Amino acid sequence: MGKSRTKRFKRPQFSPTGDCQAEAAAEADGTGGDEDDGPAAELLEKLQHPSAEVRECACAGLARLVQQRPAWPGLARRDAVRRLGPLLLDPSLAVRETAAGALRNLSACGGFEVCDDMVTKDIMTPLVALLKECSAGLDSNEMSPQEKKDQNRNSIENIANEAMNVLWNICECSSRAVSIFNKEGCLEIVLKYLSRFSTNVDLAISVAYCLQTVTEDNPELLKSFSDPALHVLESAMLSPVTSMEYILLKTLVAGTIWNLKDIIPSKSQAEIINAILKILSEVLDLDAGEIVVQMQEAEKQRLEAAAETEDILGSANHDALMEDDEMEEIPHKRKVRRKTFISDLLPPTDKELRESIALLTAQQTALEIIVNMCCSEDPSEDEWEELSSSDESDAFMENSFSECGGQLLSPLCLSHEVHTAFTNYLIPKKIFEKTAFPNSTAVDLCSRSPTWKSLVRKMNTIQCRALVCLQSLVSLLDVDHLGGPAALQTLAQHLSQLLFSQPDFAKHVDFLEAISSALRALLQTMASNNISQCMTPDQLMTLCTASIHSSNTGVRVNVVSILGITGSVLAKEDGTLETLKTIGCFLLEVATKDPSLVVAGEALDALFDVFADGKEAERASVQIKLLSALKEFQPVFKMKIRKEGRGKYSPDQLCVLDNVKMNLRRFVAYQETVEKRLTA
C-alpha cells in the first residue's frame, strides 16, 4: 500500500451557548429538515439585521442547517459563504464565534468540493484577518477591570479555536488554502496560539491538527520554521501533563515534527526519532478499553453526586424562598441569580467522554504516524547517526533544535538503526496488541449509552489502523526484528482467529480490507523466508469466496494476491493437485469476470505465480484447461485496456496493466510448451 495520510477524527458539531439557543432558533426558522432553501433564505437575510443577538441566532441556525446535505445547493445559490465571511469580523464577539462555528460545520460536512469553493469565495481573507485580530487581542492588556478582561480573553480564545478548525478543514481539502497559509505568514500566528497550550489545551489541539496538515509535503513552509518556532513545538511535545487531552496534543505535535524531518540537523536526528517514538510508545501502552470503562464509571458516580447536590441545594433554595417571601425588601430577582450561580458551579457533563475521545484519537493518530514513518522512501543509513536505547529521548530537551539554521538534509529514513529503535520501544508488540478486538465490556457499555455510542466506531477504527500498521511493519522489518519465524507463525494464527471469529466478516468492509492487507503482507514475508504457512486451504477458500464480491476493490485485490502467494507455495509441494485446481479455477473466474481491470490484472499475476513452476502446478494447469482459457481471454483483456483504461485508471495503474498484458503473452507461450510436453 502507498503512504497513508493521517485522517482527522469527526469532531462534535458546533453547539452555540449563551442567550440564544440553537435548537429553538432552528425550529423557529424552519430548519428542521426542509429540503427547499426557504430556511436558508430567511437565516441569511437575518445576518444583516442591526441586532447582534439576531445575527448570532441566524449564525447558530446556519450552523445546524449546513449539516444537512439537501440544504447545500440553496446555501450556494444564495452565496452563504460570502455573506457569512464578513461576520467573522463583526463588532460582536458572540456573532464572530457563531459565524466561525457555522463555517466550521460547513467545511467539516461539505468535504473537498465545498472547502475548495469556500477558498474561491475568498473566505481566507476574513479568516486570516480574524486569526490576526485574535492573536493581537490575546496580547492586549488594556481590558479593565480584571474580571472583564478575563471574560473577554476567554471569548477571544473560543473564537480563535473555532477559526482554527475552519482553517484546518479548508487547508486539509484545498492546496490553494495551504498556499495562502504560506503567503500570509499564518505560521507565526498559529504557533502563538500553540504556545498557550498550558492554559488552553483545546485551542492548542486545534492548532496541532492544522500544523500536521499544512506541514505535510510543504517545503516552502518548512523554510519558515525558525529556532523559536521549533522550540514551541518541543515545549508542547515534552509537556509533563498526563491528561488525555495533553496526550493527544503531544501525539499530534510528534506527527508535525516528523513532517519537519527535512530540516532536522544531523546531530539531533537520533534524539528526535527517539523522542517521537517514546511518545507514540507511551500512547499505545494505555489500555483504552479499560480506561473507557473507568471513565464511564467515573461519569456515573459524578452525575449521581451532582444529582444529590442538586437535591440538597434545591431544598436549601426552597427554605430560602420561604424566608424571602416573609422579607419583602429582598427582591425575587436576587433569588433567580443565586439559583443560576449554583447551576453554573456544576461540572461539565461531558468531561469523561471528552477524555475518552481524546485518548482514542491519540492512539489512532499514533498508529497513522507509524504507518507514515514506515512509508518513507529511499532509505539511506549514512544520513542517520547511531540510535541508542530509549534513554536518548531524555536528551531531546537539551537544545535539540538549536542548530536548525544550517543546510537542509535529506529525509530521515527507516534505516537499520531505526528498525532497532522500533524494536527497543516494542512498537511491533504494541501494534500487535492493538489488532485485537476492542474490550467487550467497553463496547457493551458504550453501545447502551446514546452519548457514548460513537466510541464503538472509534475503537473499531483503532483496530483497523493497527492492522494497516502491522501490514507496513511486516513489509518493512526483517524477520529478526519481527521476533523470528515462530513469532510470524503466531501472528498468522492470531490474524486467522480474528478473521474467522466473525461469521459475517465480509460485511465489515473496513475491517476486512485492513486484515486482508495485513495477511497479504505477512504471508508474502513468510513465503519469501520459507516459513510454513498456517492457513488451511479450506480457510483460504472461505476467505476468498466471502470476500471476492466485496464492493471494495482493495479487498478483492488482497484476497486474489493471498491466493497467488499461497498457491505458489503449494505448487512446490506434493499432494496439492486438487487444491491448485481449485485455486486456478477461482483465479480464472476473477480474471475474466471482475469488472475492475485492476482486480483482473492482479488475478492474472496470481495465476502466473501459482502455475509458473512445479510438477503439481503443471498437471493442474492442464486439467483445468488454463491455456485455452487464457488464449480466449487475451484479446478481451487487451481490448478492455484500450477502451476503458485511459478514462478510468491512473497512469501508474495503466503501466502495471501494460506489464500484465505483456506477461500474459509470455505466460501463454510458456503454457504451450508445458501442455505439449505433458500431452506428448
Side-chain angles (χ1 to χ4, degrees), residues 6 131 135 138-139 164 167-168 171 178 181-201 203-241 246-280 282 365-366 369 372-373 376 383-385 387 392-413 418 421:
T6 303
L131 289 167
S135 177
L138 292 176
D139 289 339
M164 279 305 312
L167 182 64
W168 165 35
C171 286
V178 175
F181 183 100
N182 296 345
K183 182 181 177 181
E184 293 294 328
C186 293
L187 179 63
E188 182 179 354
I189 301 170
V190 301
L191 284 173
K192 183 179 293 185
Y193 294 153
L194 181 62
S195 67
R196 306 178 65 83
F197 68 87
S198 61
T199 58
N200 193 330
V201 69
L203 176 58
I205 287 172
S206 298
V207 172
Y209 271 116
C210 186
L211 281 174
Q212 195 179 25
T213 295
V214 298
T215 54
E216 186 173 12
D217 301 324
N218 189 356
E220 180 184 349
L221 183 64
L222 300 195
K223 299 173 186 176
S224 303
F225 274 89
S226 61
D227 287 355
L230 292 167
H231 279 295
V232 171
L233 296 176
E234 177 186 3
S235 298
M237 190 172 78
L238 298 176
S239 169
V241 184
Y246 278 90
I247 287 172
L248 173 57
L249 173 63
K250 291 189 282 188
T251 305
L252 291 167
V253 173
T256 298
I257 292 175
W258 173 254
N259 289 342
L260 302 179
K261 53 188 175 291
D262 288 13
I263 62 170
I264 302 302
S266 58
K267 287 185 179 180
S268 300
Q269 290 176 358
E271 292 91 344
I272 289 170
I273 193 65
N274 275 292
I276 291 173
L277 285 176
K278 181 180 180 182
I279 288 172
L280 303 185
E282 290 172 350
T365 303
I369 292 170
N372 287 343
M373 294 175 75
S376 293
E383 293 174 353
W384 274 94
E385 295 184 356
L387 286 175
E392 283 200 8
S393 58
D394 296 330
F396 182 77
M397 300 186 68
E398 301 288 338
N399 298 318
S400 299
F401 292 112
S402 59
E403 317 140 46
C404 247
Q407 184 180 4
L408 298 185
L409 302 177
S410 300
L412 304 179
C413 302
V418 183

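It should be emphasised that the depicted structure is a prediction, and the values quoted were computed from it without experimental measurement.
By the 4.5 Å heavy-atom criterion applied to side chains, F225 and T215 are counted as neighbours. V241 has its side chain out of reach of F197: every pair of non-hydrogen atoms, C-beta onward, lies at least 4.5 Å apart. Within the 4.5 Å cutoff, no side-chain heavy atoms of I247 are placed close to those of E282. Taking the side chain as every heavy atom from C-beta outward, Q212 and T365 approach each other to under 4.5 Å. A heavy-atom distance below 4.5 Å is found between the side chains of L249 and L194. A 4.5 Å side-chain heavy-atom check between L187 and L211 finds at least one atom pair inside the cut-off.
Using the six-membered ring where Trp is involved, Y209 and W168 have ring planes that are parallel, under 30° apart on the 30 and 60° scheme.
Residues V253 and M237 share a closest heavy-atom pair of CG1-CB, 3.8 Å. Contact record, V232 with L191: CG1-O, 3.8 Å, taken as the closest heavy-atom pair.
The distance from the CD1 atom of I273 to the NZ atom of K261 is 10.0 Å, given to the nearest 0.5 Å. Once rounded to the nearest 0.5 Å, the distance linking CG of L230 with CG of L260 reads 6.5 Å. Here OG of S195 is found 14.5 Å from NE2 of H231. Values are rounded to the nearest 0.5 Å.
With sequence neighbours excluded, the residues satisfying salt bridge (charged side-chain N to carboxylate O under 4.0 Å, His left out) with E184 are K132.
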Stepwise side chain to side chain contact (heavy atoms under 4.5 Å, CB included) check, I272 with W258: CA-CA 9 Å; I272 289 170; W258 173 254; over 6 Å; no
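Judged by distance alone, with hydrogens and angles left aside, the side-chain atoms of N218 form a donor-acceptor pair with the main-chain N or O of V214 at under 3.5 Å. Y193 places a side-chain N or O within donor-acceptor distance of the main-chain N or O of L131, the cut-off being under 3.5 Å.
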